[in-house]
Amino acid sequence: MADLKDDEIERAEFVFSIYDCDGKKNIDAFDIGNALRALNLNPTLQLIEKMGGTTKRGQKKLKFEEFLPIFSQVKKEKDQGCYEDFLECLKLYDKAENGTMLLAELQHCLLALGEKLTDEEVEIIFKECMDPEDEDGYILYGPLLKRMCGLEPPLMSL
């Protein structure tokens with residue numbers, strides 16, 4: 001791919017090899033989103049589906065030559081959030097303008113708005129990325145976002 005640098009292709013090959021679970025030089029289309037996220041992209045579920053991702057395992061397989069154009073296209077997409085975008089969104093819930101928000105509001109946002117998460121997914125995020133809430137139910141959202149965006153290591157692994 002002319003628009004991908006050699007090091008990007010090399011990283012894509014490495015990530016692809018991780019998701020090549022059976023060693024047959026292909027990945028399940030179900031794993032496209034995870035592979036793209038491992039390449040520091042942030043595709044929406046809608047974009048993953050548009051690029052050929054599936055919602056169930058075993059429906060479709062992709063070779064590396066098919067994955068590269070997907071990586072290239074998603075890399076060009078402007079409709080991806082980043083740390084700064086997410087930070088601006090959560091500032092809307094920061095009533096005291098001190099870097100905190102109610103844990104209950106964050107939980108509601110993750111479960112009910114946009115691409116909704118499951119209770120289990122929210123639990124994992126809180127366990128791996130969130131510092132304890134204070135006695136009034138507030139959390140610091142900046143460190144949480146940094147951990148979620150991969151800018152800081154998670155608090156603990158599962």
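Worth knowing before you read on, the calculation uses all heavy atoms, side chains too, and leaves out hydrogens, waters and symmetry mates. Nothing fancy with the numbering, it's 1 onward along the sequence.
In this structure, Asp136 contributes its side chain and Tyr138 its backbone to no donor-acceptor pair below 3.5 Å. Judged by distance alone, the side chain of Glu66 and the main-chain N or O of Lys63 form a donor-acceptor pair under 3.5 Å. At least one donor-acceptor pair closer than 3.5 Å links the side chain of Lys60 to the backbone N or O of Gly52. Put simply, the side chain of Asp85 never gets that close to the backbone of Cys89: no donor and acceptor are under 3.5 Å apart. Ser72 contributes no side-chain N or O that, together with a main-chain N or O of Pro69, makes up a donor-acceptor pair within less than 3.5 Å.
In this structure, Arg147 CZ and Leu145 CG are separated by 10.5 Å, a value rounded to the nearest 0.5 Å. Separation of atoms NZ (Lys25) and NZ (Lys61) is listed at 14.5 Å; rounding is to 0.5 Å. Between atom CG of residue Leu41 and atom CD of residue Gln73 there is a gap of 11.5 Å, rounded to the nearest 0.5 Å. Interatomic distance, Asp28 CG to Asp20 CG, rounded to the nearest 0.5 Å: 11.0 Å. Expressed to the nearest 0.5 Å, how far NE2 of His108 lies from CG of Leu106 amounts to 11.0 Å. Here NZ of Lys146 is found 4.5 Å from OH of Tyr83. Values are rounded to the nearest 0.5 Å.
Using a 4.5 Å cut-off on side-chain heavy atoms (C-beta onward), Leu111 and Lys116 make no contact. With a 4.5 Å cut-off on side-chain heavy atoms, Lys75 and Glu8 count as touching. In this structure the side chain of Ile18 never reaches within 4.5 angstrom of the side chain of Ile27, judged on heavy atoms. Within the 4.5 Å cutoff, side-chain heavy atoms of Asp31 are placed close to those of Arg57.
The environment of Lys50 atom NZ is sparse: at most 12 non-hydrogen atoms of other residues, nucleotides or ligands sit within 6.0 angstrom. A 6.0 Å sphere centred on CG of Asp7 holds more than 12 heavy atoms belonging to other residues, nucleotides or ligands. Glu115 CD: more than 12 foreign heavy atoms inside a 6.0 Å radius. Sparse packing is recorded around CD of Glu123, with 12 or fewer heavy atoms of other residues, nucleotides or ligands lying under 6.0 Å away.
Exactly one residue among Val74, Ile32, Ile70 makes a side-chain contact (heavy atoms from CB on, under 4.5 Å) with Pro43. That residue is Val74.
Linking Ile, Leu, Val, Met, Phe, Trp and Tyr whenever their side-chain heavy atoms come within less than 4.5 Å puts Val122 and Ile139 in one cluster. One hydrophobic cluster holds both Met51 and Leu4 under the rule that ILVMFWY side chains link at heavy-atom gaps under 4.5 Å. Criterion: ILVMFWY side-chain heavy atoms under 4.5 Å apart, direct or through other members. Under it, Met101 and Leu117 are part of a common hydrophobic cluster. Hydrophobic clustering of Ile, Leu, Val, Met, Phe, Trp and Tyr side chains at less than 4.5 Å, counting indirect connections, keeps Phe126 apart from Leu140. When hydrophobic clusters are built by joining Ile, Leu, Val, Met, Phe, Trp and Tyr residues whose side-chain heavy atoms come closer than 4.5 Å, directly or via intermediates, Leu102 is not grouped with Leu90.
A donor-acceptor pair shorter than 3.5 Å cannot be found between the side chains of Tyr19 and Asn34.
Between Gly142 and Leu87, the closest heavy-atom pair is CA-CD1, 4.4 Å. Val15 and Ala38 make their closest contact through CG1-CB, 3.9 Å (heavy atoms, listed as atom of the first residue, atom of the second, distance).
Asp3 and Lys76 are joined by a salt bridge, as a carboxylate oxygen and a charged side-chain nitrogen come within less than 4.0 angstrom of each other.
Ring geometry for Phe64 against Phe16 counts as perpendicular: the plane angle is over 60°, on a 0 to 90° scale with 30° as the lower cut.
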Working for side chain to side chain contact (heavy atoms under 4.5 Å, CB included), residues Leu36 and Phe67: CA-CA 10 Å; Leu36 292 169; Phe67 176 73; 4.0 Å; yes
